[in-house]
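Shown next, in structure tokens, is the structure this report addresses.
Here the structure is a predicted model, which means the values were calculated and not measured. Numbered from 1 within each chain, the chains take letters A, B, ... in sequence-line order.
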Amino acid sequence: MRTHLCGRLDASHVGSQVRVCGWVAKRREHGEHLAFVDVRDHTGIVQCVVPGTVDVRSEYVVAVSGTVRHRPEGTTNPDLATGEVELGDCEVEVLSAAEPPPFAVDDRVDADEAVRLRYRYVDLRRPRMQRNLRLRATVLGALRASMDAQGFCEVETPLLWAPTPEGAREFAVPSRLHHGSFYVLPQSPQLAKQLLMVAGMDRYYQVARCLRDEDLRADRQFEFTQLDLEASFVGQDDVLDAVSAAVTRAVEAVTGEPVPPVARMTWAEALDRFGTDKPDLRFGMELADLSDVFAGTGVKAFAAPAVKALVVAGGAQTSRSRLDGWTDRAKALGAKGLAWFRVGDGGALDSPLDRFLADGERAGLVAATGAGPGDLVLVVADEHRTACTVLGTLRVEIGGRPVGEGPFRYVWVVDFPLFDGVDDEGRPQAAHHPFTMPHPDDLGLLESDPLAVRSQAYDLVLNGWELGSGSVRIHRADIQGRVFRALGITDEEAEARFGFLTGAFRAGAPPHAGFAVGVDRLVAILAGEENIREVIAFPKTQSGADPMTGAPRPLAPGTLAALGLRALPPPS
RNA sequence: GGACCUGUGGUGCAGUUUGGAGUGCACGCCGGCCUGUCAAGCCGGAGGUCGCGGGUUCAAAUCCCGUCAGGUCCGCCA
């Protein structure tokens, strides 16, 4: 049907009789003797010259036959990859007419999100979206190639799985053959891949779709894709090396540039220096610790377990309304307030709190933050965790840049805590999941001080986005029992929830560890996109709807009945 | 569950602060002209429930209340 792709034509084809197919990007008529038709396919646009008039409109699907020729002197178009040449003496065959598009198929315009998604098949014609989807395919191919080369075996696991309470809210699938019972869609293949280790697969990976019924964000969709992997007889460093190799290969496949070794820091260090477990290392603005400066202070606002500070270089001129906005933001993030100090010459401070400060505190604040004249110091006093995370968020919002803007700064965050706070009944909550191996040095604290126990869990972070996480798993029944007890899970509950897993472990479980890379996020960053919707062919809106298909939609009563279901009326 | 932003011909926006005739800009669409354009150009034209509902007012795109949709975020995401 065609001999060449539009965007591939260049001077080397001059003189060739060719036929290209695609969509009409633009038509320019110059009377009855000359018309230009720009034809677009996934490779680009080529200008076709018709000696007469041509009855086509934008987005018509056409096949154009013509002769490749140099453009006349002075009419080349440097903005077009094919701008040196054109197709001359063209015959245009309309393969399919088209209505005017709901919005221009053009990277220069950005229509409303709902309109783009409703006409996603048009939206995806835009060069930007074509590039993103093809970049995604490149990344997936490189990831698979790396895993294969490292001796991992791709295994598919079920989408119809069993409910295992804990963790993310699950999507339920009613059973037709067992009325009143349900499958759930996996929030990840976590348990399946551990079973594969018991099964002796040794090294498993999968490009796996994961489904979580939680509220959507710019970096979160109901369904998302992970490069999921697990290996036997390995430790943490082996997993980090394997994942680094795969991600490095994918990034190099896209950028063509080598990836430097991935940095590493502990979770505690990340929290203390950057106020987050996913630090963006592209810029400084590290948090300062003023806890010692204000220990035993008379300033009520600073009488807290921790006092942390953030320096905004040259921020002394920040308007009062902007400062008030940051204060509101800090409160929304859980702080009791936000103190600010404009630094003047000679360490003078301009702040509503200044008159309450002792001289030593004033000097200590300047010294500990390293702030100079013209700078602004933001201070939060609170529990250590809160003080750090609030300023960590402000750090990114004040000083940060779009995630896809280079350079790419990867970092492993290791030694996460095993438990992350306590629930309403005072029981520790698993920070990663209940099968995560405690740090060997902290095993003795499991009963006496569980919240101080570190785990062998780790995250891969890129430019402030969590790219994935993993852990060394528990393979010994005695340790698993101690962790379950720390979580307040009785033997009976453990048997009811995870009996198939604990049963499998009694069959001989190898030491194993694994990881999962968030492919959507990785691709988005590499594509320079701030939102993973831009790298997913058919995503949902923030309210979980698909404007194109109308999903979710009610089922016909008969369909419901066949599933043994009856829908409640919507709440009034 | 909560906070904030947005909603105006097919698309993107201005108009909303300080109420006064659906006023304006760019693109697109339809018709005409045009032999080297490329975001073509020139002339003419069509196209509107100002998201929806209610309220205030002599008068509402504009003010108030509610609601829906899209977005960003908090909670949530083992």
Side-chain angles (χ1 to χ4, degrees), chain A residues 25-39 45-53 57-59 71-80 82-83 86 88 99-119 122-123 164-170 187-188 190-191 210-222 224 325 328-335 389-390 393 396-397 416 418-421 423 428-436 455 457 466 469 471 483 487 489 497-498 516 518 530-531 533 540-545 547:
Chain A
K26 201 76 192 176
R27 177 199 54 160
R28 295 179 294 279
E29 280 193 317
H30 290 249
E32 57 182 315
H33 299 296
L34 177 68
F36 299 98
V37 178
D38 289 345
V39 179
I45 287 175
V46 67
Q47 171 169 285
C48 304
V49 185
V50 179
T53 60
R57 295 286 188 273
S58 288
E59 302 309 314
R71 292 194 182 192
E73 189 75 27
T75 65
T76 58
N77 184 352
D79 297 331
L80 217 53
T82 61
E86 63 187 10
E99 297 170 357
F103 48 85
V105 181
D106 190 322
D107 286 343
R108 283 186 299 263
V109 297
D110 216 355
D112 180 78
E113 191 75 18
V115 177
R116 290 180 58 197
L117 291 183
R118 180 174 175 192
Y119 302 99
V122 175
D123 190 39
T164 52
E166 288 273 340
R169 197 175 295 117
E170 297 162 317
Q187 38 188 300
S188 80
Q190 179 62 37
L191 298 178
C210 305
L211 299 110
R212 296 180 188 173
D213 189 1
E214 299 289 353
D215 288 358
L216 276 38
R217 289 281 192 284
D219 61 351
R220 280 169 22 197
Q221 283 273 307
F222 281 154
F224 58 99
D328 291 343
R329 179 66 174 148
K331 288 177 179 172
L333 292 167
T389 56
V390 168
T393 302
V396 171
E397 293 182 354
F416 270 71
L418 185 64
F419 304 110
D420 190 15
D423 66 10
Q429 297 291 292
H432 187 59
H433 60 58
F435 317 110
T436 302
S455 71
E466 179 191 322
S469 62
S471 64
V483 171
L487 289 166
I489 301 174
R497 287 184 193 175
F498 315 113
E530 286 277 275
N531 194 303
R533 285 191 303 267
K540 306 284 188 289
T541 66
Q542 188 161 37
S543 68

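Contact between the side-chain N/O atoms of A:Thr75 and the OP1/OP2 oxygens of B:U37 is not found at any separation under 4.0 Å. Taking 4.0 angstrom as the limit, A:Lys26 places none of its side-chain polar atoms (N or O) nearer than this to OP1 or OP2 of B:A39. A sub-4.0 Å separation between OP1 or OP2 of B:U37 and a side-chain N or O of A:Arg28 is absent. Between A:Ser543 and B:G70, a side-chain N or O to OP1/OP2 separation shorter than 4.0 Å is present.
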Reading nucleotides 1-13 of chain B 5' to 3', which nucleotides get B (base under 4.0 Å from a protein heavy atom), which S (sugar-phosphate only), which -? B--------SSS-
Identify each atom pair where a protein N or O and an N or O of nucleotides 30-33 of chain B are less than 3.5 Å apart, giving names and distance.
{"residue": "B:C30", "atom": "OP1", "partner": "A:Arg57", "partner atom": "NE", "Å": "2.9"}
{"residue": "B:G31", "atom": "OP2", "partner": "A:Arg57", "partner atom": "NH2", "Å": "3.2"}

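Nucleotides of RNA chain B nearest to A:Gly31 and A:Ser58 differ in position, and the one nearer the 5' end is that of A:Ser58. Ranked by how close their nearest RNA chain B nucleotide is to the 5' end, A:Leu191 and A:Glu397 are led by A:Glu397.
A:Ser188 comes within 4.0 angstrom of a base, heavy atoms only. Contact annotation for A:Ala431: backbone-only contact, meaning every heavy-atom pair under 4.0 Å involves sugar-phosphate atoms and none involves a base. A:Arg533 comes within 4.0 angstrom of the backbone, heavy atoms only, and of no base. As judged by a 4.0 angstrom heavy-atom cut-off over every strand, A:Arg71 is placed among the base-contacting residues. Residue A:Thr76 is in base contact, counting any heavy-atom pair closer than 4.0 Å across all strands shown.
Atom CD of residue A:Glu214 and atom CD of residue A:Gln187 lie 8.5 Å apart, to the nearest 0.5 angstrom.
The salt bridge (Lys or Arg N to Asp or Glu O under 4.0 Å) search around A:Glu397 returns A:Arg329, not counting sequence neighbours. In this view, A:Ala431 and A:Asp420 satisfy the side-chain contact (heavy atoms from CB on, under 4.5 Å) rule, not counting sequence neighbours. Under the side-chain contact (heavy atoms from CB on, under 4.5 Å) criterion, A:Ala457 pairs with A:Phe416, A:His432, A:Thr436, A:Ser455, A:Ser471, not counting sequence neighbours. For A:Arg28, the salt bridge (Lys or Arg N to Asp or Glu O under 4.0 Å) criterion is met by A:Asp38, not counting sequence neighbours. The salt bridge (Lys or Arg N to Asp or Glu O under 4.0 Å) check on A:Lys540 picks up A:Glu223, with sequence neighbours excluded. The ring pair (Phe, Tyr, Trp, His ring centres under 6.0 Å) search around A:Phe103 returns none, not counting sequence neighbours. By the salt bridge (Lys or Arg N to Asp or Glu O under 4.0 Å) test, A:Arg533 pairs with A:Glu113, sequence neighbours left out.
Comparing B:A59 with B:G9, their P atoms sit 26 Å apart, to the nearest whole Å. Between B:U57 and B:G19, the distance separating the two C1' atoms is 9 Å to the nearest Å. If you take atom P in B:A60 and the same atom in B:G54, they sit 13 Å apart, rounded to whole Å. Comparing the same atom, C1', in B:U17 and in B:G28 gives a spacing of 32 Å after rounding to whole Å. Going from the C1' atom of B:G10 to that of B:C34 covers 27 Å, rounded to whole Å. With both ends at atom P, the span from B:G48 to B:G22 equals 15 Å, rounded to whole Å. Only the C1' atoms considered, B:C64 is 7 Å distant from B:U56, to the nearest whole Å. Distance check on atom P: B:G71 versus B:U8 gives 15 Å, rounded to whole Å.
Distances from the side chain of A:His30 to the nucleotides B:C74, B:C76, B:U35 place B:U35 closest. Closest approach to the A:Glu214 side chain among B:C76, B:C74, B:U37 is made by B:C76 (side chain taken as heavy atoms from C-beta onward). The nucleotide whose nearest atom lies closest to any side-chain atom of A:Asn77 is, among B:C74, B:C38, B:G36, B:C38. With distances taken from any side-chain atom of A:His33 to the nucleotides B:U37, B:G70, B:U35, the minimum falls on B:U35. When each of B:C38, B:C76, B:U72 is scored by its nearest atom to the side-chain atoms of A:Asn531, the top-ranked nucleotide is B:U72. Checking B:C76, B:C77, B:A39 against every side-chain atom of A:Ala168, the shortest atom distance belongs to B:C77.
Taking atom CZ of A:Arg329 as the reference point, atom C1' of B:U72 lies 9 Å away to the nearest angstrom. For the pair A:Leu333 CG and B:U72 P, the interatomic distance rounds to 17 Å; values are reported in whole Å. Rounded to whole Å, the distance from CG on A:Asp106 to P on B:C27 is 13 Å. For the pair A:Leu216 CG and B:A69 P, the computed distance is 14 Å after rounding to whole Å. Between A:Glu32 atom CD and B:U35 atom C1' there is a gap of 10 Å when expressed in whole angstrom units. With rounding to whole Å, A:Leu117 atom CG is found 11 Å from B:G71 atom C1'.
With hydrogens and angles ignored, a donor-acceptor pair closer than 3.5 Å exists between the side chain of A:Arg220 and the base of B:C77.
With A:Glu29 as the fixed residue, the side-chain contact (heavy atoms from CB on, under 4.5 Å) test singles out one of A:Val37, A:Thr53, A:Leu34, A:Val50: A:Thr53.
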Check step by step if salt bridge (charged side-chain N to carboxylate O under 4.0 Å, His left out) holds for A:Arg108 and A:Asp106. CA-CA 5 Å; A:Arg108 283 186 299 263; A:Asp106 190 322; 2.7 Å; yes
I'd like to know whether A:Asp123 forms a salt bridge (charged side-chain N to carboxylate O under 4.0 Å, His left out) with A:Arg118, so could you lay out the CA-CA distance, the side-chain angles of the two residues, the decisive distance to 0.1 Å, and finally the verdict. CA-CA 9 Å; A:Asp123 190 39; A:Arg118 180 174 175 192; over 6 Å; no
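B:G47 is unpaired under the criterion used here, namely a Watson-Crick or G-U wobble arrangement in which both key atom distances are under 3.5 Å. Nucleotide B:G22 is matched to nothing when pairs are restricted to Watson-Crick or G-U wobble geometry with both distances under 3.5 angstrom.
For A:Arg27, the CZ atom is densely surrounded, since the number of other residues' heavy atoms within 6.0 Å is greater than 12.
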